[in-house]
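First up is the structure itself, then whatever we jot down about it.
This is a predicted model, so every value here is computed, not measured.
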Amino acid sequence: YLTKKIPRESIYVINSGAAGQWYHMNINKNHIYIPTEYSDEEFSRILKEIVTNPKAKNIFIVIDDADNFKLKNNDILRSIFINSRRLNVGGMLIVRRLSWVPIEIYDYSKYAFFARQNVDCSIFYASYFIPKEIARKLKTLPQYAFLAYRPETGESKIIKVKI
């Protein structure tokens with residue numbers, strides 16, 4: 001749903017959970033990476049390969065089950081997202097806990113989409129980069145809904161996905 005409008009040739013997926021749905025989305029099979037191991041070295045190698053590919057222009061990196069890696073300690077990931085506009089890179093991190101994502105990534109995001117959060121520590125962490133009253137809404141989001149937040153303006157909106 002969130003990648004529907006992105007040209008398929010621009011999408012690169014690090015399929016950390018080896019989920020099959022990525023193969024059914026008309027994404028170039030060479031753009032789907034399944035890590036051979038869940039190490040910082042392997043994660044950094046894949047990120048570098050995607051970003052330094054001379055054929056890759058205006059790319060969008062999706063990291064599914066990103067929490068399989070130590071995101072907070074990965075300088076390559078942080079650097080890519082902080083410099084994303086200059087690199088013409090967009091990205092999506094799919095994680096179970098918001099606190100596993102380096103706060104700098106939220107700071108440099110154009111939009112952030114949040115699903116329901118049942119763990120108080122994730123809501124507390126979110127209140128560092130979104131207003132507390134918006135962070136509290138994360139606990140009561142209905143199923144198949146996202147809270148869309150735009151850090152630049154502070155706007156938020158709940159989007160219900162039709163499945």
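Taking both residues in full, the closest heavy atoms of Asn74 and Leu77 are given as OD1-N, 2.8 Å, listed atom of the first, atom of the second, then distance. Shown here for Glu37 and Glu42, the closest heavy-atom pair between the two residues is O-CG, 3.4 Å. Between His31 and Ile11, the closest heavy-atom pair is ND1-O, 3.1 Å.
In this view, Glu9 satisfies the salt bridge (Lys or Arg N to Asp or Glu O under 4.0 Å) rule with no residue, not counting sequence neighbours. Applying the ring pair (Phe, Tyr, Trp, His ring centres under 6.0 Å) criterion to Phe81, with sequence neighbours excluded, gives no partner residue. Qualifying side-chain contact (heavy atoms from CB on, under 4.5 Å) partners for Glu41, counting only residues two or more places apart in sequence or in other chains: Ser39. By the side-chain contact (heavy atoms from CB on, under 4.5 Å) test, Asn83 pairs with Ser79, Arg86, Leu87, sequence neighbours left out. Every residue meeting the side-chain contact (heavy atoms from CB on, under 4.5 Å) condition with Asn53, not counting sequence neighbours, appears here in chain and number order: Tyr12, Lys55, Ala56. Listed by chain and residue number, nothing satisfies the side chain to side chain donor-acceptor pair (under 3.5 Å) test with Thr52 (two or more places apart in sequence, or in another chain). Applying the side chain to side chain donor-acceptor pair (under 3.5 Å) rule to Asn118 yields the partners Arg116; only residues at least two apart in sequence or on another chain are considered.
Both Ile14 and Tyr38 sit in one connected hydrophobic cluster of ILVMFWY residues. Membership requires side-chain heavy atoms under 4.5 Å apart, directly or through other members. Hydrophobic clustering keeps Ile159 apart from Ile130 (ILVMFWY residues linked when any side-chain heavy atoms are closer than 4.5 Å, directly or through intermediates). At a threshold of 4.5 Å between side-chain heavy atoms, the hydrophobic network of Ile, Leu, Val, Met, Phe, Trp and Tyr places Phe114 and Ile134 in one connected group. Neither Phe113 nor Ile123 shares a network with the other; the hydrophobic side chains, linked directly or stepwise wherever heavy atoms of I, L, V, M, F, W or Y lie under 4.5 Å apart, form separate groups for each. Note on Ile158 and Leu98: same hydrophobic cluster, where clusters join Ile, Leu, Val, Met, Phe, Trp and Tyr whose side-chain heavy atoms are under 4.5 Å apart, directly or indirectly.
For the pair Pro35 and Ile46, the minimum side-chain heavy-atom distance is below 4.5 Å.
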Atom pairs and distances, side-chain donor-acceptor, residues 59-70, under 3.5 Å, sequence neighbours left out:
{"from": "Asp64", "atom 1": "OD2", "to": "Trp22", "atom 2": "NE1", "distance (Å)": "2.8"}
{"from": "Asp65", "atom 1": "OD1", "to": "Arg96", "atom 2": "NH2", "distance (Å)": "3.2"}
{"from": "Asp67", "atom 1": "OD1", "to": "Arg96", "atom 2": "N", "distance (Å)": "3.3"}
{"from": "Asp67", "atom 1": "OD1", "to": "Arg96", "atom 2": "NH1", "distance (Å)": "3.3"}
{"from": "Asp67", "atom 1": "OD2", "to": "Arg96", "atom 2": "NH1", "distance (Å)": "2.2"}
{"from": "Asn68", "atom 1": "ND2", "to": "Ser16", "atom 2": "O", "distance (Å)": "3.3"}
{"from": "Asn68", "atom 1": "ND2", "to": "Asp65", "atom 2": "O", "distance (Å)": "3.3"}

Please list every donor-acceptor pair under 3.5 Å in which a side-chain atom of residues 143-154 meets a protein atom from a residue at least two apart or in another chain.
{"from": "Arg150", "atom 1": "NH2", "to": "Glu152", "atom 2": "OE1", "distance (Å)": "3.0"}
{"from": "Thr153", "atom 1": "OG1", "to": "Glu155", "atom 2": "N", "distance (Å)": "3.3"}
{"from": "Thr153", "atom 1": "OG1", "to": "Glu155", "atom 2": "OE2", "distance (Å)": "2.7"}

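Between Ile32 atom CD1 and Ile34 atom CD1 the span is 7.5 Å, to the nearest 0.5 Å. Separation of atoms CZ (Phe43) and CG (Asn73) is listed at 11.5 Å; rounding is to 0.5 Å. Put simply, CZ on Arg8 and CD1 on Ile6 are 7.0 Å apart, with the number rounded to the nearest 0.5 Å. The line from OG of Ser10 to CG of Asn28 is 11.0 Å long, rounded to the nearest 0.5 Å.
Sorted by first and then second residue, the salt bridge (charged side-chain N to carboxylate O under 4.0 Å, His left out) pairs involving residues 12-36 (not counting sequence neighbours) form an empty list. Evaluation of the side chain to side chain donor-acceptor pair (under 3.5 Å) test over residues 97-115, restricted to residues two or more places apart or in two chains, returns Arg78-Glu104. Judged as a side chain to side chain donor-acceptor pair (under 3.5 Å), the pairs with a partner in residues 126-139 (not counting sequence neighbours) are, in order, Asp120-Lys139.
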Exercise for review: With side chain to side chain contact (heavy atoms under 4.5 Å, CB included) as the test, would you mind laying out the steps for Ile76 and Lys48 before giving the verdict?
Suggested key: CA-CA 8 Å; Ile76 304 288; Lys48 285 181 199 174; 3.5 Å; yes
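Annotation: Phe124, atom CZ; neighbour count of heavy atoms from other residues, nucleotides and ligands within 6.0 Å does not exceed 12.
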